[in-house]
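Let me begin by presenting the structure, written as structure tokens, before commenting on it.
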Amino acid sequence: MTNENLTILAIETSCDETAAAVVRGGTQVLSNVVASQIEQHRRYGGVVPEVASRQHILAMETVIAEALVGVPAGWDGIQAIAATYGPGLSGALLTGLNTAKALAFARGLPLIGVNHIEAHIYANWIEAGGQGLGARDQEELLLTHDPHSLTPTFPLIALVVSGGHTLLALLEGHGRYTLLGQTLDDAAGEAFDKSARLLGLGFPGGPAIEQAAKGVQTGMLLPRAWLRNTYNFSFSGLKTAVLHQVQAHNSREAEASIARGQGSGARAQDDAPLHPTPQPLTRDPFTAQIAHAFQESVVDVLVSKAVEAARAHSATEILLAGGVAANGRLRDELVRRSPVPVRFPPISLCTDNAAMVAAAAFYRYEAGRQSDWHLDVQPNLRLA
Ligand code: KG4
Ligand code: ZN
């Protein structure tokens, strides 16, 4: 067996998705199984670490068994086992890494520890054709990867935007990263989630804000933190601006209803009580305007800095990665303003999954970067 066909079973448990996938040659997805815990966490308005760990343990065996169904030779078709070892929630990471260690030891297979941020970037190496991708993923890949359908060539700029991370990195080869800049406070996805909560739009906030903003053309303008001459980001001021807008709107509503002789109709705020059930998507004009203004502000800053980095480093392409890469407005604006082609994974591979972990593991293994049994979780692991 040549390395090129090396088939890896990967496990991902860094946050609230229990995922397992089998990928051949770093690009062909044979199976991709994700058990989401969103329903377990929604009532708390965010991810509860203890709940996440317990759910991973409950779901793990079934998720792995299901992933193996996609491999005709079963276990005999697997040549290495990979798992995310950081960054992420320590208890959650432990469940996946220890499972991977036990399986690799029992089967006599190599173990490959993977950095979760690197994995998000490597979702861009996955190609159409693998039977483990759904019809929609195949279609998205064929549409977005054409005409540069081959795997990316270096040097590349990666814009990683997820719930836990927001950074710009220069990639000069497999595993060779230079961190150009990162968020100084909230991650972009975190800002989406917190602002959605302020607007009573539920969890996770990214898709809810994108949906609420649809169809709005212009209107309110929210601030942008430019942090000039750096590739750093800051989103906490924007979140505060959303809070102030919501408070001002609530005061106006309360005054209007008092004038009409009714009670006040305040909406959710930062100290809102736990949500027992998901909030319905409110599409009143105020919510739509502010969701739109928020999204425009985040997208403008992310796109401007990514484009600047691509120019400064003569990148061949910009790779978009992480959960926020699912955002249609971000994708469109980056494509529109970038001087070089932009690549992004199909929506289902933007948010946490194990196919991206297997893809990253393939290139690590090829570079001789196999892990040993002492590998431990690193909740604060960095990309570079
Ligand atoms: O990569 P991911 O699944 O988990 C982390 O590693 O953090 O990212 C989750 C984040 C959440 O904050 C979620 O609100 C955001 O990605 N997200 C989006 C969209 N879909 C998911 N943000 C904006 N627009 C979307 N369509
Ligand atoms: Zn992630």
Side-chain angles (χ1 to χ4, degrees), residues 10-19 21 32 34-38 41-42 45-47 49 52 83-89 92-93 96 114-124 140 158-167 182-183 186-199 201-214 235 238-239 278 281 291-292 294-303 319-334 344-357 359-360 379-383:
I11 300 171
E12 155 63 39
T13 60
S14 67
C15 191
D16 61 339
E17 325 279 359
T18 316
N32 181 36
V34 181
S36 170
Q37 305 176 359
I38 281 187
H41 299 285
R42 204 193 295 276
V47 177
T84 304
Y85 73 103
L89 303 168
L93 288 165
V114 171
N115 179 317
H116 182 79
I117 306 171
E118 182 177 33
H120 271 300
I121 296 172
Y122 273 86
N124 283 294
E140 273 189 71
L159 172 62
V160 183
V161 273
S162 72
H165 306 275
T166 294
L167 58 85
Q182 59 188 328
T183 182
D186 293 346
E190 195 180 353
F192 267 97
D193 293 338
K194 288 177 175 172
S195 298
R197 184 152 185 246
L198 291 171
L199 292 168
L201 287 174
F203 170 83
I209 289 198
E210 181 171 12
Q211 186 60 31
K214 285 230 161 81
F235 296 109
L238 177 59
K239 175 191 65 194
L281 282 190
H292 175 262
F294 168 86
Q295 185 170 261
E296 289 306 302
S297 177
V298 174
V299 167
D300 193 10
V301 178
L302 291 175
V303 169
L319 308 183
L320 189 54
V324 184
N327 187 280
R329 181 72 187 119
L330 174 60
R331 292 171 166 208
D332 291 349
E333 193 60 7
L334 191 54
F344 39 80
I347 287 183
S348 75
L349 298 179
C350 287
T351 45
D352 289 348
N353 65 84
M356 66 184 193
V357 178
N380 299 315
L381 185 66
R382 294 164 57 95
L383 181 67

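One-based numbering along the sequence shown. Ligands are counted one by one from 1 in listed order, and the atoms in each one are counted from 1 as well.
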Any atoms of ligand 1 less than 4.0 Å from a non-hydrogen atom of [X]? List them with their elements.
X      : result
Asp352 : 1 (O), 2 (P), 3 (O), 4 (O), 5 (C), 6 (O)
Asp193 : 11 (C), 12 (O), 13 (C), 14 (O)
His120 : 1 (O), 6 (O)
Gly164 : 7 (O)
Gly189 : 12 (O)
Gly323 : 1 (O), 2 (P), 8 (O), 16 (O), 17 (N), 18 (C), 19 (C), 20 (N), 21 (C)

Measure the shortest side-chain to side-chain distance between [X] and [Y] over non-hydrogen atoms and say whether it is less than 4.5 angstrom.
X      : Y      : value
Val161 : Asn327 : no
Gln37  : Thr18  : yes
Ile11  : Val357 : no
Ser14  : Asp352 : yes
Thr84  : Thr13  : no
Ile121 : Leu383 : yes
Cys350 : Val324 : no
Met356 : His120 : yes

Considering only the protein, which heavy-atom contact is closest to [atom], and what is its distance?
atom                    : answer
atom 10 (C) of ligand 1 : Gly163 N, 3.5 Å
atom 24 (N) of ligand 1 : Asn327 ND2, 3.0 Å
atom 23 (C) of ligand 1 : Gly206 CA, 3.4 Å
atom 26 (N) of ligand 1 : Glu210 OE1, 2.8 Å

Less than 3.5 Å between some nitrogen or oxygen of Pro204 and one of ligand 1, yes or no?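 Pro204 vs ligand 1: no N/O contact under 3.5 Å.
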Please evaluate residues Phe294 and Phe192 with respect to the criterion ring-ring contact (aromatic ring centres under 6.0 Å, His included), reporting the C-alpha separation (whole Å), side-chain torsions for both, the decisive distance (0.1 Å), and the verdict. CA-CA 8 Å; Phe294 168 86; Phe192 267 97; 4.9 Å; yes
Judged by non-hydrogen atoms, does His116 sit under 4.0 Å from ligand 1?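 Yes, His116 has heavy atoms under 4.0 Å from ligand 1.
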Determine, using heavy atoms of Pro207 and all atoms of ligand 1, whether some pair is separated by less than 4.0 Å. yes
Among Ile347, Val324, Thr351, whose heavy atom sits nearest atom 15 (C) of ligand 1?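 Comparing heavy atoms across Ile347, Val324, Thr351, the nearest one to atom 15 (C) of ligand 1 lies in Val324.
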What protein N/O/S atoms are found closer than 2.8 Å to the Zn ion (ligand 2)?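 His116 NE2, His120 NE2, Asp352 OD1, with waters left out.
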Side chain, backbone, both or neither: the part of His165 lying under 4.0 Å from ligand 1 by heavy atom: neither
Which segment of Glu17 sits under 4.0 Å of ligand 1 when only heavy atoms are counted: neither
Of all the heavy-atom pairs spanning Arg329 and Gln295, show the shortest one and how long it is. CB-NE2, 3.6 Å
Going from OG1 on Thr166 to CG on Leu302, what distance comes out if it is rounded to the nearest 0.5 angstrom? 6.5 Å
Roughly how far, to the nearest 0.5 Å, is NE2 of His116 from CG of Leu381?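 Leu381 atom CG to His116 atom NE2 measures 11.0 Å (nearest 0.5 Å).
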